[in-house]
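Just below is one structure, and these are the notes that go with it.
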There are 2 protein chains.
Amino acid sequence: MHQYGLKVTNARIKVLRILMQSQVALSHGDILTRIHGNELDKVTLYRTLSSFVNAGLAHKVATEDRTWLHALHLPEERNEGVEDHAHFVCDTCECIYCLPLVTEDMAAIPIKESGFQIKSHEYRLRGTCPSCH
Amino acid sequence: MHQYGLKVTNARIKVLRILMQSQVALSHGDILTRIHGNELDKVTLYRTLSSFVNAGLAHKVATEDRTWLHALHLPEERNEGVEDHAHFVCDTCECIYCLPLVTEDMAAIPIKESGFQIKSHEYRLRGTCPSCH
DNA sequence: ATTATTATTGCAACTTGGTTGCATTATGAC
DNA sequence: GTCATAATGCAACCAAGTTGCAATAATAAT
Ligand SMILES: [Mn+2]
Ligand SMILES: [Mn+2]
Ligand SMILES: [Zn+2]
Ligand SMILES: [Zn+2]
């Protein structure tokens, strides 16, 4: 965490652990309830999460119901220069999975000549996740 | 509008006109300010928009700052059975364009064998739109 | 055309997810 | 250990969207 320019605090250690243990992106509420005893102010959690995002440790995903989910960056993104990955939204459990899915080559082609200059892209899939069928 | 099972009202006519005239998806606020004199209750506008969505006349797109934009369905979707289209988000003007971009074949392949059952998908591009460069 | 049925509208109050200001406390450089 | 600076907790706040309900307008029935 030092290497990201962040002071090591109690709150950050707890939240980082929780994010590391999760297969899916987590909401503010998800994280709060996973904190034993709930002993963490909600504002502190908001600020902890955005410190992770600013430091480049995590990223956030907007959901359909106007909330943010947070997840650590994928290992692929750490090592190589992969910026964009896909997300899978489960219709049943509402979970959002980060998928190390390379979509680069898909991007430019279709609207190449239309005056849109593409810099990045997100591919979002919906359906049923492995643990829901 | 009758054909969609909706009563023809003043509010709906106004909002439908505004949506038809726009190249990009519009926010609640965008639409309110486009209404001459502002003479439309904010709740009525919310309900007008969701009546359009429920009736199958329009659709909504979630933005990064957790609000909804609304746009009429593309003509392609009306005629054929095209369900999903792509969106282009301009970094500069923040506008969101609906793109008649067929992404069907891209969907299934990469995570086919992973236990995810894909039902629909959205492809979101970011960059600079034609009127911003 | 008049009336009756039913959906739509407007207003006020409310909910929810998240932010801001500020005094207190903890971290890490020295 | 001392000190500068950043993180925390608390209360108040904000903005997008929702709900309840009485008044009103659109259409169907007569
Ligand atoms: Mn992700
Ligand atoms: Mn669209
Ligand atoms: Zn699931
Ligand atoms: Zn633009």
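Side chains are part of it too, since the values below use all heavy atoms of this structure and drop only hydrogens, waters and symmetry mates. Naming convention: chains lettered A, B, ... in sequence-line order (proteins, then strands); numbering from 1 in each chain.
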Q: To the nearest 0.5 Å, tell me how far B/I13 CD1 sits from B/I18 CD1.
A: 12.0 Å
Q. How long is the span from the CD atom in B/E94 to the SG atom in B/C129, to the nearest 0.5 Å?
A. 11.0 Å
(Q) So if I define the base as every atom that isn't primed, P, OP1 or OP2, how would nucleotides 19-30 of chain D read as a B/S/- string at a heavy-atom cutoff under 4.0 Å? (A) BB-----BS---
Q | Pairwise distance OG1(B/T44) to CZ(B/R12) - rounded to 0.5 angstrom | A | 10.5 Å
Q) At what angle, to 10 degrees, do the two end axes of the helix from C/dA1-D/dT30 to C/dC30-D/dG1 meet, given five pairs define each axis? A) 40°
Q) Between B/N54 (CG) and C/dT8 (C1'), how many Å, whole number? A) 14 Å
Q: Output the single nucleotide from D/dA7, C/dT9, C/dG18 whose closest atom is nearest the side chain of A/R12.
A: D/dA7
Q: Determine whether any donor atom in the side chain of B/K42 lies under 3.5 Å from an acceptor atom in the base of C/dG10, or the reverse, and answer yes or no.
A: no
Q.
My understanding is that only one of B/L19, B/L49, B/V15 makes a side-chain contact (heavy atoms from CB on, under 4.5 Å) with B/L26; could you say which?
A. B/L19
Q | Nearest-nucleotide pick for A/L40, side chain only, options being C/dG17, D/dG17, D/dG9 | A | D/dG9
Q: Whole angstrom is fine here: how far is it from CD1 in B/I35 over to P in C/dT9?
A: 11 Å
Q: In whole angstrom, give the distance that lies between atom CG of A/L16 and atom C1' of D/dA7.
A: 16 Å
(Q) From CD of A/E64 over to P of D/dA16, roughly how many Å is that when rounded to an integer? (A) 18 Å
Q. Think A/R66 has a side-chain N or O under 4.0 angstrom from the OP1 or OP2 of C/dT16?
A. no
Q. Any side-chain heavy atom of B/C98 within less than 4.5 Å of one from B/H59?
A. yes
(Q) Angle between ring planes, A/Y97 versus A/F88, binned at 30° and 60°: parallel, tilted or perpendicular? (A) perpendicular
Q. For A/D41 and C/dT24, what is the distance between atoms CG and P respectively, to the nearest whole Å?
A. 16 Å
Q. Of the nucleotides D/dT18, C/dG10, C/dT9, which one has an atom closest to the side chain of B/A11?
A. C/dT9
Q. Is the closest side-chain heavy-atom distance between B/H87 and A/R124 below 4.5 Å?
A. no
Q.
Measure OH/A/Y46 against C1'/D/dC14 and give the value in whole Å, please.
A. 13 Å
Q. What is the distance, rounded to the nearest whole Å, between atom CG of B/L69 and atom P of D/dA16?
A. 12 Å
**Q.** Separation between CG of A/L45 and NE2 of A/H28, rounded to the nearest 0.5 Å
**A.** 4.0 Å
(Q) Nearest 0.5 Å, please: how far is CD1 in A/I96 from NE2 in A/H70? (A) 12.0 Å
Q: May I have the distance from A/I13 (atom CD1) to D/dA7 (atom P), rounded to whole angstrom?
A: 14 Å
